[in-house]
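Structure record follows, encoded as structure tokens.
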Amino acid sequence: MSKMQPVRGTHDLLPDEYRRFAHVIDTAREVARLYGYREMATPIFEFTELFARGIGETTDVVSKEMYTFQDRGGESLTLRPEYTAGICRAFVSNGELAQQLPLKLFAAGPMFRYERPQKGRQRQFHQIDLEVLGAPEPGADIEVISVAADILDRLGILGRCVLKLNSLGDPESRTAYRKVLVDYYSAHTARLSEDSRDRLQRNPLRILDSKDEGDKAINADAPSFSDHLNQASRDFFKQVQDGLAAAGVPFEIDPALVRGLDYYTHTAFEFVTTHIGAQGTVLGGGRYDGLIAELGGPPTAGIGWAGGIERLVMLANEPAPLPRPVAIAPLGPAAEAKALGIARTLRRAGIAVEQDYRGNMKRRMQRANKLNARAAIILGDDELAKGVAQVKDLDSGAQHEVALDKLAEALKS
RNA sequence: GCGGCCGUAGCUCAGUUGGUUAGAGCGCUAGAUUGUGAUUCUAGAUGUCGCCGGUUCAAAUCCGGUCGGCCGCCCCA
């Protein structure tokens with residue numbers, strides 16, 4: 001670490017990049033607001049047990065990717081690897097929230113996963129997150145997906161994404177299907193890839209979207225989930241599909257879409273793109289009706305999604321340019337003092353004003369240019385005596401005299 | 001965790017089969033101007049060649065290790 005590097009898998013968000021980052025969050029926040037979602041935040045670390053119980057002990061996220069440490073009091077804490085568990089915990093911790101159902105929430109913040117870094121996959125990364133608690137109806141699924149589609153649309157990403165949709169069924173369907181699948185693959189275990197043999201133990205549904213050619217051949221004849229959904233699950237999935245069609249959100253059914261976190265039931269979905277390499281999932285989520293009860297809360301349905309901000313930034317259009325400032329260029333101590341007051345008056349009128357801390361005329365004009373100022377206010381002793389300033393339009397080069405008390409008016413817009 | 005590619009000024013990159021003071025463009029700084037920027041001209045500075053060690057008379061160049069980035073797998077957002 002001789003040359004001061006950031007920790008592996010972390011990076012600094014410098015001002016130019018941060019603007020694009022904030023643009024994604026601001027856009028998401030605004031769209032969420034239109035749908036009636038309220039923003040909140042939870043701590044970035046929680047008791048380790050929360051994630052172990054909520055996400056599932058055998059998932060990759062919990063078993064090998066968490067930043068877990070003991071604090072000075074001996075508690076085992078973990079930097080959150082995702083947002084949903086923390087939000088559900090907050091729901092259980094704060095009884096008042098149970099009186100506000102359905103609870104529609106938006107959140108954004110950093111997440112931590114110990115993974116091999118790559119573009120679009122950092123150890124500290126950031127997500128926007130949307131959740132609805134206390135709504136078992138398919139209408140919530142439809143709404144939550146619509147919000148996501150609208151956010152992606154505003155960011156200029158929707159056209160380069162495909163929405164993939166699947167149903168994992170209710171717990172009854174899921175366990176039944178899981179058993180059928182395990183039986184099927186167990187009969188072919190000799191021909192399965194090593195990865196998939198492992199998956200057979202931990203999460204057999206995952207074998208369905210294996211990229212291994214041998215596995216794909218076996219998958220071709222694998223029993224399909226849709227044939228094993230019970231009537232209730234089937235009806236639910238149908239309603240979600242019909243609702244999305246009615247809302248005008250295009251989607252594709254992907255029977256191989258399985259999410260890696262244990263808590264999902266019924267609807268699972270992902271917006272994926274082929275434009276940013278292997279880390280193609282830009283936003284994904286699903287329904288988790290059993291999670292809150294699992295955490296010891298009152299049985300409460302839940303559905304939501306998370307979107308990777310870094311991945312969204314790579315695809316999003318540029319944020320609108322900032323309003324250009326005006327630069328004030330005083331010459332001499334008297335003018336410099338006077339400029340302080342003028343600058344403040346203009347700022348209070350809503351005009352962005354840049355005032356250099358030092359420098360002669362040339363330097364101040366150069367700075368004004370670098371700051372992309374639209375105009376310069378030139379204030380020397382001559383102007384001071386007359387109660388005026390020279391206002392120079394930096395695009396046209398035109399310059400004219402303006403009375404000091406008319407400056408705000410002259411520089412409006 | 002597995003396999004592979006890469007690491008030279010602030011940025012994008014050159015750098016012959018190891019050979020003397022390591023280069024270009026952009027950017028940066030200063031001057032051409034006494035109260036006027038961006039354009040133009042001139043001059044200047046860029047740097048532990050990621051880091052540590054090894055081979056060699058000699059390493060940016062070859063070898064090993066390490067740190068970091070990237071690609072694929074795994075997994076996920």
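What you see is a predicted model; the values in this text were computed from it and never measured. Letters A, B, ... mirror the listed sequences (proteins, then strands); counts begin at 1.
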Answer yes or no: does a side-chain N or O of A:Arg202 lie under 4.0 Å from OP1 or OP2 of B:C75? no
Does a side-chain N or O of A:Arg311 approach OP1 or OP2 of B:A77 to a distance below 4.0 Å, or not? no
Using a 4.0 Å heavy-atom cut-off across all strands, classify A:Arg113 as base, sugar-phosphate, or nothing. base
Touch check for A:Gly280, heavy atoms < 4.0 angstrom, all strands: base, sugar-phosphate only, or nothing? nothing
Please state the [atom1] separation for the pair [N] and [M] - nearest whole angstrom.
N     : M     : atom1 : value
B:C41 : B:G27 : P     : 12 Å
B:G50 : B:A43 : P     : 31 Å
B:A38 : B:A77 : C1'   : 43 Å
B:U55 : B:U16 : P     : 24 Å
B:C71 : B:A9  : C1'   : 27 Å
B:U21 : B:U12 : C1'   : 25 Å
B:C49 : B:G18 : C1'   : 15 Å
B:C67 : B:A30 : C1'   : 38 Å

Pairing residues for [X] by the ring pair (Phe, Tyr, Trp, His ring centres under 6.0 Å) criterion, not counting sequence neighbours:
X       : answer
A:His23 : none
A:Phe21 : A:Tyr18, A:His126
A:Phe69 : none
A:Tyr35 : none

If we ignore angles and hydrogens, is there a donor and acceptor under 3.5 Å between the side chains of A:Ser76 and A:Gln70? no
Will you find, in the side chains of A:Arg197 and A:Ser193, an N or O donor that is under 3.5 Å from an N or O acceptor? no
Measure the distance from [atom1] on [X] to [atom2] on [N] and round it to the nearest whole Å.
X        : N     : atom1 : atom2 : value
A:Gln122 : B:C75 : CD    : C1'   : 15 Å
A:Arg80  : B:A77 : CZ    : C1'   : 13 Å
A:Arg363 : B:A38 : CZ    : P     : 13 Å
A:Met111 : B:A77 : CE    : P     : 11 Å
A:Leu130 : B:A77 : CG    : C1'   : 14 Å
A:Lys216 : B:C73 : NZ    : C1'   : 13 Å
A:Asp60  : B:C74 : CG    : P     : 11 Å
A:Leu205 : B:C75 : CG    : C1'   : 15 Å

For residues 30-40 of chain A, the salt bridge (charged side-chain N to carboxylate O under 4.0 Å, His left out) pairs (sequence neighbours left out) are A:Arg29-A:Glu39, A:Glu30-A:Arg33
Any pair counted as salt bridge (charged side-chain N to carboxylate O under 4.0 Å, His left out), so long as it reaches residues 154-163 of chain A, sequence neighbours left out: none
Of all the nucleotides listed (B:C71, B:C74, B:A77), which has the minimum atom distance to the side chain of A:Lys119? B:C71
Quick check on RNA chain B: between A:His126 and A:Ser210, whose nearest nucleotide comes earlier from the 5' end? A:Ser210
When the nearest nucleotide of RNA chain B is assigned to A:Gly285 and to A:Pro6 on a heavy-atom basis, which residue is associated with the more 5' position? A:Pro6
Using salt bridge (Lys or Arg N to Asp or Glu O under 4.0 Å) as the criterion, list what pairs up with [X], not counting sequence neighbours.
X        : answer
A:Arg363 : A:Asp356
A:Lys179 : A:Asp183
A:Glu115 : A:Arg121

Treating a pair as Watson-Crick (purine N1 to pyrimidine N3 plus N6-O4 or O6-N4) or G-U wobble (N1-O2 and O6-N3) with both distances under 3.5 Å, list the stems of 3 or more consecutive pairs that involve RNA chain B. B:1-7 with B:67-73, B:10-13 with B:23-26, B:28-32 with B:40-44, B:50-54 with B:62-66
Aromatic contact between A:Tyr288 and A:Tyr263, with the criterion being ring centroids under 6.0 Å apart: yes or no? yes
Give me the distances for all protein-to-nucleotides 1-4 of chain B N/O pairs that come in under 3.5 Å?
residue: B:C2; atom: N4; partner: A:Arg116; partner atom: NH1; Å: 2.8
residue: B:G3; atom: O6; partner: A:Arg116; partner atom: NH2; Å: 3.4
residue: B:G4; atom: O6; partner: A:Arg116; partner atom: NH2; Å: 3.3

Inspect the contact between A:Asp215 and A:Arg191 and indicate whether a charged nitrogen and a carboxylate oxygen are less than 4.0 angstrom apart. no
Base versus backbone protein contacts along nucleotides 32-37 of chain B [heavy-atom cut-off under 4.0 Å; B, S, -]: ---BBB
